[in-house]
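Let me begin by presenting the structure, written as structure tokens, before commenting on it.
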Amino acid sequence: MKVVEIAKDIYSVGVRDWNVRNFHGYLTQKGTSYNAYLIMDEKVTLIDSVKAPFSQELLERISQVIEPSKIDYVISNHVEMDHSGAMPYLMKHLTNAVIVCSAAAEKEHKMHFDTSGWKFQTVKTGDTLSIGRRSLSFLMTPMVHWPDNMVTYCPEDKILFSNDAFGQHLASSELFDDELSLELILAEAKKYYANIVMPYSSQVVATLKAASSLDIRMIAPSHGLIWRKNLPAILDCYTKWSQSETVKKAVIVFDSMWGSTEKIAYAIRHAFEAKGYSYKFFDLKSNHISDVITDCLDAEFICVGSPTLNKNIMPSVAAMMTYIQGLICKGKKGILFGSYGWAPINMKVMQRFFDESGIETVASYNLNFVPKNEDLKKITEDLSAKL
Ligand code: FEO
């Protein structure tokens with residue numbers, strides 16, 4: 001793949017991972033990219049690296065622009081392996097490079113790799129690094145997405161190298177946001193936010209505030225497309241998502257053994273339909289939890305259903321609720337539903353998950369064995385009255 005100059009003397013040298021479908025549990029149906037950027041200045045600077053299996057490809061792409069040993073600095077915005085896995089291979093060739101990173105990132109590098117012989121220079125918010133015509137500055141963004149995270153800003157070109165922030169898991173031959181459908185890019189940005197960034201929304205609010213003083217004309221993240229046209233759109237989305245803004249929408253998610261819980265799911269759906277809500281309806285036999293959570297991001301209601309199974313709930317629902325718990329859907333309204341034969345334990349298990357997730361249960365419906373039509377009608381009526 002040919003390197004692309006994204007601004008004068010700044011090259012995109014990262015790689016596409018077209019076929020990755022599992023990114024630590026996140027279903028990446030459209031693959032992803034590990035973006036890295038090379039700035040040709042008096043001091044040649046590489047921003048971020050890539051996942052280990054792509055080490056050689058990264059080096060080859062750098063070599064299209066310059067002999068790798070001539071690189072002076074590697075700015076490591078984040079140590080997670082998708083951005084640092086190639087470092088051991090890379091540092092064998094970048095014999096003169098100093099790694100510029102946060103103090104936390106220096107420690108993390110040392111906990112991931114044999115760093116003997118690597119030179120580190122740590123930076124903090126407000127520090128600058130003169131590389132010739134440019135003076136790069138740094139903003140610490142801890143927990144977006146690890147404690148070590150920072151972003152790098154180039155004031156001369158008005159580019160923010162944002163690492164994980166504003167990314168999308170989306171592999172494409174196109175590089176910029178005006179070369180693909182904005183709807184598609186924003187949908188993937190939303191999925192990425194819900195599955196990766198959501199637990200750190202308060203830190204995103206702080207980052208957006210700190211970044212608002214910067215004059216930015218391009219955001220170059222470490223995953224997906226570069227934002228050069230639709231900056232207001234993605235910044236607006238991040239503002240909404242980080243402030244947990246909801247729309248009039250419900251997510252109904254369930255698994256069912258013999259169809260009883262599914263019947264209740266339909267009864268619940270009828271109530272939302274009657275009240276003019278938009279909704280998403282997920283049977284966990286056919287849907288992945290990372291798609292469900294994407295719709296939870298801006299939903300007002302999360303409705304979860306399971307029958308009792310072996311003094312517990314369906315494993316698929318337990319996985320979903322564990323995922324919700326980790327990603328924090330605090331402040332949302334919840335509805336629990338299900339069915340049971342002789343032990344109505346399902347509700348207790350699911351209620352515990354909701355309580356620990358900070359979801360307020362506004363209604364619950366649990367029916368014995370097979371629901372009758374009149375039972376289902378009552379559920380729809382009762383819930384409609386509560387909406
Ligand atoms: Fe793309 Fe937190 O790594």
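Just so you know, ligand 1 is whichever comes first in the structure, and atom 1 is the first atom listed for that ligand. FYI, side chains are in, hydrogens and waters are out, and symmetry mates aren't considered; it's all heavy atoms of this structure.
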Without swapping roles, check the side chain of Tyr37 against the backbone of Leu46 for a donor-acceptor pair under 3.5 Å.
no

Which pairs with one or both residues in residues 267-280 pass side-chain hydrogen bond (donor to acceptor under 3.5 Å, both in side chains), sequence neighbours excluded?
Arg269-Tyr279, Glu273-Tyr279, Tyr277-Glu300, Lys280-Asp295

For atom 2 (Fe) of ligand 1, which N, O or S atom of His145 is at the shortest distance?
ND1

Minimum-distance atom from atom 1 (Fe) of ligand 1 among N, O or S atoms of Asp82
OD2

Restricting to N/O/S, name the atom of Glu80 that gets closest to atom 2 (Fe) of ligand 1.
OE1

Ring-ring centroid check Tyr153 Phe161, cutoff 6.0 Å
no

Could you identify the N, O or S atom of His78 positioned closest to atom 2 (Fe) of ligand 1?
NE2

Say you draw a straight line from OH of Tyr73 to CG of Leu136; how long is it, rounded to the nearest 0.5 Å?
9.5 Å

Any Ile185 side-chain heavy atom under 4.5 Å of Gln168 side chain:
yes

Taking 2.8 Å as the cut-off, does His223 contribute an N, O or S atom near atom 1 (Fe) of ligand 1, distance below it?
yes

May I ask you to check whether Asp164 brings an N, O or S atom to under 2.8 Å from atom 1 (Fe) of ligand 1?
yes

